[in-house]
Structure formats: C-alpha cells, structure tokens
Amino acid sequence: MSTILVTGGAGFIGSHTTEALLDRGDDVVCLDNFDDYYSPQRKRANIAPLMGRPGYVLVEGDIRDQDALEALFQAHRPARIVHTAAMAGVRYSIQHPGLYESVNVRGTLDVLEMARRYDVENVVFASTSSIYGARQQVPFREDDRVDWPVSPYAATKRACELLAYTYHHLHGLNFTALRFFTVYGPRGRPDMAPYLFTEAVFRGTELKMFGDGSSSRDYTYIDDVVQGIVAAIDRSLGYEIINLGNSRTVLLRDFIALVEDLVGRKANVVQHPMPPGDVPRTCADISRAQRLLGYDPQTSFEEGMARFVDWYRTVVVAPGQECAGR
Ligand SMILES: NC(=O)c1ccc[n+]([C@@H]2O[C@H](COP(=O)([O-])OP(=O)(O)OC[C@H]3O[C@@H](n4cnc5c(N)ncnc54)[C@H](O)[C@@H]3O)[C@@H](O)[C@H]2O)c1
C-alpha cells in the first residue's frame with residue numbers, strides 16, 4: 001500500500017481511477033480545483049461516494065498553486081502520481097489557448113517539479129490521441145511522427161510529453177504518457193459526443209452531426225482505460241508513451257443509430273461543417289499497451305454505450321424530472 005496523488009481526481013477519468021485504487025487498498029490524495037469548464041456540481045457528485053472512505057483525502061486546489069502543492073507533498077508524501085488534471089476540450093482550446101497553455105503546460109511542469117523534488121517513483125500522465133493530428137493513416141502508433149497538432153489542446157499535451165522526457169533524461173524520473181482514445185462511460189464529460197448525443201435524443205433536441213457522418217473514432221470504455229492506468233502506475237518503465245484505445249473504429253452515423261436504438265427514439269439530426277481542430281478519424285495500435293501493461297480492453301462499444309445510456313437514464317434523467325443541465 002502506498003499513497004498515490006491523483007490530480008484532477010474529481011473529473012471523469014480521475015474519479016474512476018481513484019475508486020479503483022481505493023478498492024485495491026491504496027491511499028489516494030485527490031487534488032482538484034473544481035473548475036467550471038463544466039458544472040463543478042457534477043464533479044462533487046463524482047466524488048460523493050468516495051468521501052469518508054478509508055484512505056481517501058480530498059485537497060481542493062490548483063496544480064499551478066505552488067504553495068498548495070508544497071503543503072500537499074509535505075503532508076502526504078505521495079509515492080506515485082496519476083496526473084489527469086487539465087483543460088480537456090479540443091474545441092474550447094481554440095478560443096482559450098492561453099488558459100490551456102497555463103493549466104496544461106505550466107501546471108504539468110509544476111507537477112513534474114514536485115515529482116523531482118520529492119523523489120516520486122512514477123508519474124502516469126493523461127495524454128491524448130489528439131496528438132496524432134489529422135492523419136488518415138491508421139492505426140496510430142506511438143512512434144509515428146506527431147509534429148502537426150491541429151488544436152492548442154493537442155499541442156499543449158505534446159508539450160507535456162516533451163517536458164517530461166527532459167525530466168526523465170535529467171533526473172531519472174519514471175514517466176508514462178498514456179494516450180487515451182475518446183474515453184466514455186458513466187459520469188462521462190458533458191461536452192463529449194456520447195453525452196451530447198444521448199442528451200439530444202432523450203430531449204428530442206437537435207443532434208449536431210459534424211460532417212456527413214463518415215468520420216470515425218476509436219472509443220474506449222472507462223473501465224478498460226482504468227485497467228491500463230492502474231497497470232501503468234504499478235510499473236516504473238523509464239520513459240514510455242503508450243496508446244490506450246479499443247482498436248476498433250466506429251463511424252459517426254453508426255454511433256448515432258446505436259444511440260437511437262438504446263434510447264428508443266429517432267434523433268433530430270442536423271448536419272454541420274466539421275469544426276476546425278477536430279480530426280477525421282482515430283484508431284489505436286494497442287500492441288505496446290498489451291506488451292508493457294497486459295492491457296486487454298474487454299468492452300465493446302455496443303455494451304459500453306448501453307451502460308452509459310442506463311447511467312444517463314437513472315442518474316441524469318432522474319425519475320419525473322427534466323434532464324439536468326450541465
Ligand atoms: N475523456 C477523454 O476522452 C480523454 C481523452 C484523451 C485525454 N484525456 C485527458 O484525460 C484527463 C482527464 O479527462 P476527463 O475527461 O476526466 O476530464 P475532466 O474535465 O472530467 O477532468 C479533469 C479534472 O481536472 C480538474 N482540473 C482542471 N484544471 C485544474 C487545475 N488547474 N488544477 C487542479 N485540477 C484541475 C477539473 O476540475 C476536472 O475535475 C485530461 O487530462 C484529458 O486531457 C481525456
């Protein structure tokens with residue numbers, strides 16, 4: 001048993017990761033600033049079942065607040081870090097590049113610096129498939145060139161991978177960047193397609209389809225991603241970059257049809273041009289994750305979306321209520 005710091009631990013991926021770590025007996029310190037990119041109440045709801053669990057500590061604070069970080073490390077001395085805190089939306093980054101630079105790059109630098117100063121054994125970082133840019137050639141492999149990010153979000157995440165390499169080179173820091181491929185599941189972010197589509201079909205409001213429906217994504221179910229994160233935090237691998245995807249692409253138009261089936265209603269689909277910064281397709285080569293982490297995603301998109309829609313029906317659309325806002 002050891003103490004693990006989960007930054008962004010009240011978010012979608014961070015809260016599921018925390019739960020898995022607590023379940024197996026780790027102590028977890030969650031650091032989150034409950035920013036309002038989406039409703040902070042949702043984040044409070046994410047961690048409500050964790051509050052009071054043995055081994056769980058919540059620290060409300062910003063990864064860029066060096067005094068807060070210092071106090072946290074002094075008090076809890078985390079041996080390992082799962083760093084998920086970030087500004088995460090691709091489209092929002094185009095309007096707010098400075099915010100993304102500040103939180104994602106500066107904030108990650110501050111976390112790396114604490115890891116160096118407090119001899120942290122291992123850092124696992126939430127990177128992204130967006131780093132691969134608008135390439136058509138699939139599957140995406142970790143040693144593909146990634147010099148053409150098409151959003152500030154992607155560029156800042158790549159900058160973090162590079163900064164971390166420097167910390168590995170200079171200070172011997174163990175660092176694994178996990179490039180997540182569109183993660184979905186219960187408690188999923190309300191700015192992402194699984195949530196937006198489900199919400200639109202439930203409410204009978206416009207479902208915005210960007211492009212002609214032929215774009216495709218590799219969607220990864222949250223439990224599979226958490227399995228990969230937990231495996232990565234248990235292995236000090238030097239410096240590694242590892243894809244965590246499902247390795248199966250889903251066409252946008254098939255995705256919409258699946259949501260219609262699961263909700264039991266037709267969608268009011270309105271076509272819009274592809275937003276700049278979005279990529280046409282993603283698909284992960286997961287052989288490195290299989291080899292280094294024993295990663296083995298189990299959840300088909302159909303099964304995962306059925307669980308997501310069940311969660312949405314029971315938690316978001318509470319009986320007798322309208323859908324909750326963001
Ligand atoms: N969800 C996905 O499909 C996906 C895909 C690729 C990468 N990622 C990455 O995974 C990570 C988690 O994503 P998520 O979907 O759970 O997002 P999320 O927004 O639900 O979680 C991020 C959390 O970080 C917190 N946070 C933001 N700025 C902070 C700061 N300055 N200090 C402390 N806490 C801060 C937020 O309050 C939030 O709770 C992010 O780094 C994201 O870029 C997510």
Side-chain angles (χ1 to χ4, degrees), residues 8 11-14 16-17 20 82-84 86 88-90 124-146 148-151 153-154 157-158 160-161 175-189 191-195 197 214-235 237 240-252 254-255 258 277-308:
F12 166 44
I13 297 172
H16 280 280
T17 302
V82 179
H83 177 36
T84 75
V90 171
V124 169
F125 170 66
S127 192
T128 172
S129 61
S130 299
I131 279 180
Y132 290 105
R135 75 181 60 212
Q136 292 287 347
Q137 201 187 341
V138 290
F140 299 166
R141 296 196 174 86
E142 292 88 345
D143 40 19
D144 287 346
R145 276 189 73 180
V146 285
W148 304 280
V150 297
S151 65
Y153 168 67
K157 286 285 182 176
R158 179 62 183 145
C160 295
E161 293 182 349
F175 180 94
T176 299
L178 298 175
R179 290 182 178 163
F180 302 148
F181 283 65
T182 320
V183 187
Y184 72 101
R187 313 206 286 258
R189 284 210 330 260
D191 62 329
M192 293 182 63
Y195 193 105
F197 290 178
S214 64
S215 65
S216 58
R217 286 274 176 290
D218 189 355
Y219 292 95
T220 321
Y221 191 66
I222 183 68
D223 292 0
D224 292 323
V225 165
V226 168
Q227 185 241 324
I229 295 171
V230 171
I233 201 65
D234 285 345
R235 289 164 175 77
L237 298 171
E240 281 292 346
I241 293 177
I242 303 176
N243 288 338
L244 284 190
N246 195 41
S247 212
R248 202 195 119 195
T249 29
V250 180
L251 278 175
L252 180 54
D254 294 344
F255 179 10
L258 175 64
D278 278 28
V279 298
R281 62 197 314 206
T282 64
C283 181
D285 179 322
I286 56 169
S287 49
R288 189 178 289 183
Q290 288 167 327
R291 181 164 51 83
L292 294 178
L293 304 178
Y295 175 68
D296 182 21
Q298 297 289 318
T299 318
S300 69
F301 190 57
E302 291 73 15
E303 193 184 332
M305 275 306 294
R307 287 189 214 159
F308 175 76

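Predicted model, so just to flag it, every value in this text is computed and none were measured.
- Note that OG of Ser130 is 9.0 Å distant from CZ of Phe181, once rounded to the nearest 0.5 Å.
- Contact check for Val225 versus Phe12: no side-chain heavy atoms found under the 4.5 Å cut-off.
- Of all heavy-atom pairs between Lys157 and Ala126, the closest is NZ-O, 2.7 Å.
- In this structure, Ile233 CD1 and Thr176 OG1 are separated by 8.0 Å, a value rounded to the nearest 0.5 Å.
- Rounding to the nearest 0.5 Å gives a distance of 15.0 Å between CD of Gln227 and NE2 of His16.
- Side chains of Ile229 and Thr84 form no contact here, defined as non-hydrogen atoms less than 4.5 Å apart.
- Counting only heavy atoms from C-beta outward, the side chains of Pro149 and Arg158 never approach each other to under 4.5 Å.
- The line from CZ of Arg179 to CZ of Arg141 is 13.5 Å long, rounded to the nearest 0.5 Å.
- Put simply, the side chain of Val230 reaches to within 4.5 Å of the side chain of Asp234, judged on heavy atoms.
- A donor-acceptor distance shorter than 3.5 angstrom exists from the side chain of Arg135 to the backbone of Arg145, with no hydrogens or angles considered.
- Tyr132 is listed as a side-chain neighbour of Glu142, based on a closest heavy-atom distance under 4.5 Å.
- Between Pro186 and Tyr221 the shortest side-chain heavy-atom distance falls below 4.5 Å.
- Considering every non-hydrogen atom in both Ala232 and Leu178, the closest pair reads CB-CD1, 4.0 Å.
- Ion pairing of Glu240 with Arg235 is absent here, as no side-chain N (NZ or NE/NH1/NH2) approaches a carboxylate O to less than 4.0 Å.
- Listed for the Ser247 side chain is a donor-acceptor partner under 3.5 Å among the backbone atoms of Ala284.
- The heavy-atom pair separating Ile222 from Gly185 by the smallest distance is CG2-CA, 4.0 Å.
- Applying the salt bridge (charged side-chain N to carboxylate O under 4.0 Å, His left out) rule to pairs touching residues 290-308 yields Asp223-Arg307, Arg248-Glu302, Glu303-Arg307, sequence neighbours excluded.
- When all heavy atoms are compared, the tightest approach of Phe140 to Val138 is CE2-CG1, 3.7 Å.
- Between the Asp224 side chain and the Asn246 main chain, no donor and acceptor come within less than 3.5 Å of each other.
- Distance check, rounded to the nearest 0.5 Å: CZ of Arg281 to OG of Ser214 gives 9.5 Å.
- The shortest distance between side-chain heavy atoms of Val183 and Arg189 does not fall below 4.5 Å.
- No side-chain heavy atom of Asp218 sits less than 4.5 Å from a side-chain heavy atom of Ser129.
- Using cut-offs of 30° and 60° on the angle between ring planes, the pair Phe197 and Phe255 is tilted.
- Expressed to the nearest 0.5 Å, how far CD1 of Ile242 lies from CG of Leu237 amounts to 5.5 Å.
- Of the possible donor and acceptor atoms, one in the side chain of Asn243 sits under 3.5 Å from a partner among the backbone N and O of Asp285.
- Contact record, Arg288 with Ile241: NH1-O, 2.9 Å, taken as the closest heavy-atom pair.
- Taking the six-membered ring for Trp and the full ring otherwise, the centers of Tyr184 and Phe308 sit at least 6.0 Å from each other.
- Looking at every heavy atom in both residues, Gly228 comes nearest to Leu244 through CA-CD1, 3.9 Å.
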